[in-house]
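Working notes, beginning with the structure itself.
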Amino acid sequence: MYTLQRVNLVISNIVESQRKYYLSGNTLDIKKRIIVLKQIKEQINKYYNQLVDAFEKDFNKCEFDVISTEVSMVIFEIDYFIKNIKKLSRTKRVRSNLINIPSKSYIYKEPYGCVLVIAPWNYPFQLSVLPLVDAIASGNTVVLKPSEQAPYVASVIEKMLSIFDDGLIKVVNGGIDVSSALLEERFDLIFYTGGTNVGKVVMEKASHHLTPVILELGGKSPCIVCKDADIKLAAKRIVWGKLINAGQTCVAPDYILVHEGIKEEFIKNVIEQIKENYYINNTLSKDFPSIINEKHLDRLKKLFNKDKVIFGGNIYNKTLEPTVLDNACEFDLVMQEEIFGPIMPIIAFNDLNEVVNTLKQKEKPLALYIFSKNKENINKVINNLSFGGA
């Protein structure tokens, strides 16, 4: 096992190697970038079966989920850049302002340089390789730190990308000591996906070098179901969005605000959808993903009051079955933090204006959902609240 000093030295050498590679100009040639993107795609296909096995070991994730939520998105991104990279990289002529007339003005596209990507555990392949692909297509070098909480997937990623020069792409696996050593180095851009607490640490460390940071964080994303909504369709979509990857998704609807006039019918449809899609003969499907580890499972166990459980709530090995809570309230523990699991708290409301005013006082969510046929209701929510996407 490496000592802390040894880890720091290894990391410093990696970053120095990448900076030399970038400064040599090796990443600037568009044709070379396309070659690298095609090689990444070839490696994904080569290691596909190993990836599927790794996801089964880390998550109990079935092959369909691996294709739909992990691999296909990366392949699509690679194909997009191969097709459009020349156009995206083109110098753009713009109008000169008055003080610079007569002149010709242009916007030049240039890479940042040496980029650090720190990936999360919930979509450990997609959220590792997607930002890596974007960075490579833009002409950067990349140090990639996959999550140690999905060790089998992280190991496959490291083998998959080992064909590339360490100066261009280097996968660094390890725990907190490795992440800490990486954040002590000066990068030209840091891309971090994960929780708010670690995001604060990343931003603080980056500030020492004035390094720009992209933070993709989670939060408690509300889902509003109005009285005029198509109840069956809303239930179908909300159940899918909530339970994909066992709720371990940053844009999952965190809690459901349902008009009290349709609450009982909505709950009935939610339970029907859960049974239809995730149970076989009243037994939870073996393909339902597990919670990533015991620590997160223990956290989820403590979040809900069993007196409010109207469906589910049981644990099988590392799997928490879909769990629906009725009459949840702001003071419940489940409402104090992002759930990040298959727990669906349902809260009734009577006045949409009160909902909007309450949500205004909360932290801005990464995502927000509204189900309504009334454009006035939709516009009221969209125009009065702030969110990452809706």
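FYI, the numbering just counts along the sequence from 1.
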task = Check whether the ring centres of W240 and Y278 lie less than 6.0 Å apart, and answer yes or no.
result = no
request  = Tell me whether the centres of the aromatic rings in Y279 and F311 are closer together than 6.0 Å.
outcome  = yes
Do [X] and [Y] meet the criterion of a side-chain donor-acceptor pair at a distance under 3.5 Å?
{"X": "Q50", "Y": "K159", "result": "yes"}
{"X": "D254", "Y": "S221", "result": "no"}
{"X": "N353", "Y": "K380", "result": "yes"}
{"X": "N26", "Y": "S24", "result": "yes"}
{"X": "S103", "Y": "S96", "result": "yes"}
{"X": "Y21", "Y": "E16", "result": "no"}

Student check: side-chain heavy atoms of [X] and [Y] closer than 4.5 Å:
{"X": "I346", "Y": "F266", "value": "yes"}
{"X": "I44", "Y": "V74", "value": "yes"}
{"X": "T249", "Y": "F340", "value": "no"}
{"X": "V115", "Y": "V143", "value": "no"}
{"X": "T69", "Y": "K61", "value": "yes"}
{"X": "Q39", "Y": "F164", "value": "yes"}

task = Give a yes or no on this: more than 12 heavy atoms of other residues, nucleotides or ligands lie within 6.0 Å of atom CD of Q336.
result = yes
message = Please identify which of these residues, I163, I78, I35, I75, meets the side chain to side chain contact (heavy atoms under 4.5 Å, CB included) condition with I40.
response = I78
task = Could you check whether the rings of H259 and F349 sit parallel, tilted or perpendicular, using 30° and 60° as the cut-offs?
result = perpendicular
key: Salt bridge present between E337 and R299 (N-O < 4.0 angstrom)   = yes
task = Please report the C-alpha distance between K205 and E184 in whole Å, then the side-chain angles of each, then the deciding distance to 0.1 Å, and finally whether the salt bridge (charged side-chain N to carboxylate O under 4.0 Å, His left out) criterion is met.
result = CA-CA 7 Å; K205 292 291 186 180; E184 293 298 329; 2.7 Å; yes
key: Pairwise distance CG(N122) to CD1(I292) - rounded to 0.5 angstrom   = 9.0 Å
